[in-house]
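Remarks on the structure that follows.
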Amino acid sequence: RSSFKKIFSSPTIVAIITALVSVPTTIYIERQKAISEEQKIYLEHRMKLWVSTATHFPQYTINLRRLRTHALVGLDRKLSKDEMELMKKAVADRNRARESLYGDLAQAKVFFSDLVKSKVEEFEEFDATNVDLKVAKDSKLPAIKEWEDRQTIILEAIRGVCAHRGWSLLAAHVRSN
(Lines give C-alpha, C1' and ligand atoms only; values in the text may rest on other atoms or scores of the structure.)
Protein backbone atom coordinates (compact mmCIF):
# COMPACT_ATOMS: atom_id res chain seq x y z
CA ARG A 1 0.00 0.00 0.00
CA SER A 2 2.72 2.44 0.82
CA SER A 3 4.39 1.93 -2.60
CA PHE A 4 0.97 2.39 -4.25
CA LYS A 5 0.50 5.65 -2.30
CA LYS A 6 3.99 6.83 -3.27
CA ILE A 7 3.38 6.14 -6.97
CA PHE A 8 -0.07 7.70 -7.13
CA SER A 9 0.74 10.66 -4.92
CA SER A 10 3.52 11.76 -7.25
CA PRO A 11 2.56 15.03 -9.00
CA THR A 12 3.75 13.65 -12.34
CA ILE A 13 1.57 10.55 -12.11
CA VAL A 14 -1.44 12.60 -11.00
CA ALA A 15 -0.93 14.90 -14.00
CA ILE A 16 -0.67 11.93 -16.38
CA ILE A 17 -3.80 10.25 -14.99
CA THR A 18 -5.71 13.54 -15.11
CA ALA A 19 -4.69 14.04 -18.74
CA LEU A 20 -5.63 10.47 -19.64
CA VAL A 21 -9.08 10.95 -18.16
CA SER A 22 -9.74 14.53 -19.23
CA VAL A 23 -8.77 14.27 -22.92
CA PRO A 24 -11.30 11.55 -23.80
CA THR A 25 -13.89 13.27 -21.62
CA THR A 26 -13.33 16.58 -23.39
CA ILE A 27 -13.53 14.88 -26.79
CA TYR A 28 -16.73 13.11 -25.76
CA ILE A 29 -18.33 16.32 -24.46
CA GLU A 30 -17.41 18.23 -27.63
CA ARG A 31 -18.79 15.43 -29.78
CA GLN A 32 -22.05 15.42 -27.80
CA LYS A 33 -22.32 19.20 -28.22
CA ALA A 34 -21.87 18.80 -31.98
CA ILE A 35 -24.50 16.05 -32.13
CA SER A 36 -26.87 18.11 -30.01
CA GLU A 37 -26.30 21.13 -32.28
CA GLU A 38 -27.03 19.00 -35.36
CA GLN A 39 -30.19 17.66 -33.72
CA LYS A 40 -31.24 21.18 -32.79
CA ILE A 41 -30.77 22.39 -36.39
CA TYR A 42 -32.68 19.35 -37.70
CA LEU A 43 -35.53 19.96 -35.25
CA GLU A 44 -35.62 23.68 -36.09
CA HIS A 45 -35.87 22.80 -39.78
CA ARG A 46 -38.78 20.46 -39.09
CA MET A 47 -40.58 23.12 -37.07
CA LYS A 48 -40.06 25.72 -39.82
CA LEU A 49 -41.34 23.19 -42.34
CA TRP A 50 -44.40 22.58 -40.17
CA VAL A 51 -45.13 26.33 -39.95
CA SER A 52 -44.61 26.76 -43.68
CA THR A 53 -46.92 23.85 -44.51
CA ALA A 54 -49.55 25.11 -42.07
CA THR A 55 -49.35 28.51 -43.80
CA HIS A 56 -49.37 27.35 -47.42
CA PHE A 57 -52.25 24.88 -47.09
CA PRO A 58 -54.86 27.54 -46.22
CA GLN A 59 -53.44 29.88 -48.87
CA TYR A 60 -53.97 27.15 -51.43
CA THR A 61 -57.53 26.32 -50.37
CA ILE A 62 -58.47 30.02 -50.11
CA ASN A 63 -57.27 30.57 -53.66
CA LEU A 64 -59.10 27.46 -54.86
CA ARG A 65 -62.27 28.87 -53.29
CA ARG A 66 -61.75 32.27 -54.98
CA LEU A 67 -61.14 30.63 -58.33
CA ARG A 68 -64.21 28.43 -57.99
CA THR A 69 -66.36 31.43 -57.03
CA HIS A 70 -65.33 33.27 -60.21
CA ALA A 71 -65.95 30.17 -62.30
CA LEU A 72 -69.42 29.65 -60.82
CA VAL A 73 -70.37 33.25 -61.62
CA GLY A 74 -69.19 32.58 -65.17
CA LEU A 75 -71.71 29.73 -65.47
CA ASP A 76 -74.63 32.11 -65.05
CA ARG A 77 -73.40 34.96 -67.22
CA LYS A 78 -70.45 36.18 -69.23
CA LEU A 79 -67.74 37.58 -66.96
CA SER A 80 -66.79 41.23 -67.38
CA LYS A 81 -63.26 42.20 -68.33
CA ASP A 82 -62.50 43.07 -64.69
CA GLU A 83 -63.95 39.75 -63.50
CA MET A 84 -61.85 37.90 -66.08
CA GLU A 85 -58.75 39.69 -64.74
CA LEU A 86 -59.70 38.72 -61.19
CA MET A 87 -60.13 35.12 -62.33
CA LYS A 88 -56.69 35.15 -64.01
CA LYS A 89 -55.22 36.56 -60.80
CA ALA A 90 -56.99 33.81 -58.82
CA VAL A 91 -55.46 31.17 -61.13
CA ALA A 92 -51.98 32.71 -60.71
CA ASP A 93 -52.40 32.97 -56.93
CA ARG A 94 -53.64 29.37 -56.71
CA ASN A 95 -50.70 28.14 -58.79
CA ARG A 96 -48.19 30.08 -56.68
CA ALA A 97 -49.75 28.77 -53.45
CA ARG A 98 -49.79 25.23 -54.87
CA GLU A 99 -46.10 25.46 -55.82
CA SER A 100 -45.18 26.60 -52.30
CA LEU A 101 -47.33 23.92 -50.71
CA TYR A 102 -45.90 21.16 -52.89
CA GLY A 103 -42.37 22.28 -52.01
CA ASP A 104 -43.24 21.94 -48.34
CA LEU A 105 -44.92 18.57 -48.86
CA ALA A 106 -41.91 17.20 -50.76
CA GLN A 107 -39.72 18.06 -47.76
CA ALA A 108 -42.28 16.69 -45.30
CA LYS A 109 -42.09 13.30 -47.05
CA VAL A 110 -38.35 13.26 -46.31
CA PHE A 111 -38.23 14.82 -42.83
CA PHE A 112 -41.21 13.11 -41.23
CA SER A 113 -42.48 9.55 -40.86
CA ASP A 114 -43.83 7.07 -43.40
CA LEU A 115 -47.32 7.91 -42.13
CA VAL A 116 -46.85 11.56 -43.12
CA LYS A 117 -45.40 10.46 -46.45
CA SER A 118 -48.42 8.27 -47.21
CA LYS A 119 -50.88 11.05 -46.25
CA VAL A 120 -49.01 13.53 -48.45
CA GLU A 121 -49.04 11.09 -51.35
CA GLU A 122 -52.80 10.54 -50.91
CA PHE A 123 -53.31 14.31 -50.99
CA GLU A 124 -51.11 14.72 -54.07
CA GLU A 125 -53.10 12.04 -55.90
CA PHE A 126 -56.43 13.61 -54.88
CA ASP A 127 -55.26 17.10 -55.82
CA ALA A 128 -53.80 16.05 -59.19
CA THR A 129 -57.07 14.33 -60.06
CA ASN A 130 -59.30 17.23 -59.03
CA VAL A 131 -57.49 20.57 -59.16
CA ASP A 132 -57.96 21.25 -62.86
CA LEU A 133 -61.50 19.91 -63.24
CA LYS A 134 -63.72 22.47 -64.88
CA VAL A 135 -66.54 24.00 -62.90
CA ALA A 136 -69.83 23.09 -64.56
CA LYS A 137 -73.41 22.73 -63.43
CA ASP A 138 -73.08 18.94 -63.46
CA SER A 139 -69.43 18.92 -62.33
CA LYS A 140 -68.09 16.24 -60.04
CA LEU A 141 -65.60 18.74 -58.62
CA PRO A 142 -65.10 17.99 -54.91
CA ALA A 143 -66.05 20.63 -52.37
CA ILE A 144 -63.28 22.83 -50.97
CA LYS A 145 -64.00 21.10 -47.65
CA GLU A 146 -62.39 17.94 -49.07
CA TRP A 147 -59.12 19.84 -49.60
CA GLU A 148 -59.40 21.30 -46.11
CA ASP A 149 -60.07 17.84 -44.63
CA ARG A 150 -56.93 16.51 -46.31
CA GLN A 151 -55.01 19.50 -44.96
CA THR A 152 -56.15 18.54 -41.46
CA ILE A 153 -55.12 14.90 -41.99
CA ILE A 154 -51.58 15.85 -43.06
CA LEU A 155 -51.09 18.46 -40.34
CA GLU A 156 -52.41 16.03 -37.70
CA ALA A 157 -49.99 13.35 -38.95
CA ILE A 158 -47.08 15.79 -38.62
CA ARG A 159 -48.32 16.83 -35.16
CA GLY A 160 -48.50 13.15 -34.20
CA VAL A 161 -44.87 12.58 -35.23
CA CYS A 162 -43.84 15.58 -33.14
CA ALA A 163 -45.78 14.33 -30.11
CA HIS A 164 -44.44 10.77 -30.49
CA ARG A 165 -40.86 12.04 -30.55
CA GLY A 166 -41.40 14.44 -27.65
CA TRP A 167 -40.94 17.61 -29.68
CA SER A 168 -42.69 20.81 -28.74
CA LEU A 169 -44.79 22.08 -31.61
CA LEU A 170 -44.20 25.82 -31.74
CA ALA A 171 -47.02 26.87 -34.09
CA ALA A 172 -50.04 25.36 -35.72
CA HIS A 173 -52.63 26.44 -38.25
CA VAL A 174 -50.87 29.65 -39.12
CA ARG A 175 -52.89 31.75 -41.53
CA SER A 176 -51.88 34.67 -43.67
CA ASN A 177 -53.76 36.51 -46.38
Side-chain angles (χ1 to χ4, degrees), residues 38-177:
E38 285 176 19
Q39 288 172 338
K40 181 180 173 189
I41 291 168
Y42 189 63
L43 180 58
E44 284 175 4
H45 181 75
R46 285 180 176 204
M47 291 300 106
K48 287 177 185 175
L49 178 59
W50 161 253
V51 170
S52 184
T53 304
T55 300
H56 290 132
F57 246 124
Q59 288 174 349
Y60 181 53
T61 55
I62 287 166
N63 285 300
L64 275 174
R65 182 175 284 120
R66 287 179 185 152
L67 180 58
R68 187 174 290 181
T69 300
H70 290 298
L72 288 171
V73 169
L75 290 176
D76 295 332
R77 63 176 170 76
K78 185 175 180 190
L79 296 177
S80 70
K81 189 175 181 179
D82 288 342
E83 288 171 325
M84 285 301 291
E85 287 303 314
L86 286 173
M87 189 163 171
K88 286 180 186 177
K89 182 181 180 323
V91 169
D93 290 346
R94 181 220 42 201
N95 291 345
R96 215 174 5 265
R98 187 173 194 244
E99 241 178 67
S100 297
L101 175 61
Y102 271 66
D104 293 341
L105 295 177
Q107 289 183 56
K109 289 193 293 188
V110 173
F111 283 98
F112 290 97
S113 69
D114 288 339
L115 173 65
V116 171
K117 182 179 179 181
S118 71
K119 298 302 179 190
V120 167
E121 288 170 349
E122 287 172 18
F123 169 78
E124 290 170 333
E125 185 178 326
F126 166 81
D127 188 57
T129 303
N130 296 297
V131 73
D132 289 324
L133 290 177
K134 301 292 182 206
V135 174
K137 290 187 182 197
D138 61 346
S139 176
K140 298 203 182 334
L141 188 61
I144 294 296
K145 175 118 175 62
E146 289 192 43
W147 270 272
E148 292 169 341
D149 290 346
R150 290 170 187 276
Q151 165 191 337
T152 301
I153 289 167
I154 290 172
L155 295 177
E156 287 298 321
I158 292 172
R159 183 181 290 128
V161 169
C162 293
H164 175 74
R165 295 186 179 164
W167 301 335
S168 297
L169 192 56
L170 304 176
H173 299 288
V174 176
R175 290 198 154 205
S176 67
N177 290 330

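Heavy atoms only: backbone and side chains are in, while hydrogens, waters and symmetry mates are out. This is a predicted model, so every value here is computed, not measured.
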| request: Could you walk me through whether Leu105 and Ile154 pass the side-chain contact (heavy atoms from CB on, under 4.5 Å) test, one step at a time? | output: CA-CA 9 Å; Leu105 295 177; Ile154 290 172; 4.2 Å; yes
| request: Determine the minimum heavy-atom distance between His70 and Ala90, stating which atoms define it. | output: CD2-CB, 4.1 Å
Atom pairs and distances, side-chain donor-acceptor, residues 112-120, under 3.5 Å, sequence neighbours left out:
residue : atom : partner : partner atom : Å
Ser113  : OG   : Leu115  : N            : 3.4
Ser113  : OG   : Val116  : N            : 3.4
Ser118  : OG   : Leu115  : O            : 2.8

| task | Over all heavy atoms of both residues, which pair between Pro58 and Thr53 is shortest? Give the atoms and the distance, please. | result | CD-O, 4.4 Å
| Which distance, rounded to the nearest 0.5 Å, do you find between the OG of Ser52 and the CD of Gln107? | 7.5 Å
| said: Go through it in stages, so that I can follow the logic: the residues are Arg77 and Glu83, the test is side-chain contact (heavy atoms from CB on, under 4.5 Å), and I'd like the CA-CA distance, side-chain angles, deciding distance and then a yes or no. | reply: CA-CA 11 Å; Arg77 63 176 170 76; Glu83 288 171 325; 2.7 Å; yes
| request: Enter the distance from Thr69:OG1 to Met87:CE here, rounded to the nearest 0.5 Å. | output: 10.5 Å
| field | Pairs satisfying salt bridge (charged side-chain N to carboxylate O under 4.0 Å, His left out), at least one member in residues 47-65, at least two apart | value | Arg65-Glu148
| field | Test item: Lys89 and Arg94 side chains (from C-beta on) under 4.5 Å apart, heavy atoms | value | no
| request: Kindly say whether Ile41 contributes a backbone atom to a donor-acceptor pair with the side chain of His45 at under 3.5 angstrom? | output: no
| note | Rounding to 0.5 Å, atoms OG1 (Thr61) and CZ (Arg150) come to a distance of 13.5 Å
| task | Hey, could you give me the CG/CD1 distance between Leu64 and Ile144, rounded to the nearest 0.5 Å? | result | 4.5 Å
| said: Once side chain to side chain donor-acceptor pair (under 3.5 Å) is applied, do any residues pair with Asp149, and if so which ones, sequence neighbours excluded? | reply: Lys145
| request: For the pair Phe111 and Tyr42, name the ring-plane relationship: parallel under 30°, tilted 30 to 60°, perpendicular over 60°. | output: tilted
| Is there side-chain contact between Arg68 and Leu72, with at least one heavy-atom pair below 4.5 Å? | yes
| Who pairs with Glu146 by salt bridge (Lys or Arg N to Asp or Glu O under 4.0 Å), at least two apart in sequence or on another chain? | none
| message | Nearest 0.5 angstrom please: Asn130 CG to Glu125 CD, how far? | response | 10.0 Å
| Which atoms form the tightest heavy-atom contact between Tyr102 and Ala128, and what is the distance? | OH-N, 4.4 Å
| For the rings on Phe123 and Phe57, is their centre-to-centre separation under 6.0 Å? | yes
| request: Please tell me if the side chains of Ile62 and Arg66 come closer than 4.5 Å, counting only heavy atoms from C-beta onward. | output: yes
| Residue pair Trp50, Arg159: steps toward the side-chain contact (heavy atoms from CB on, under 4.5 Å) verdict | CA-CA 9 Å; Trp50 161 253; Arg159 183 181 290 128; 4.1 Å; yes
| message | Could you check whether any side-chain heavy atom of Gln59 comes within less than 4.5 Å of a side-chain heavy atom of Leu101, counting everything from C-beta outward? | response | no
| field | ring pair (Phe, Tyr, Trp, His ring centres under 6.0 Å) partners of Phe126, counting only residues at least two apart | value | Trp147
| Where at least one partner belongs to residues 97-112, residue pairs that pass salt bridge (charged side-chain N to carboxylate O under 4.0 Å, His left out), sequence neighbours excluded | Arg98-Asp127, Lys109-Glu124
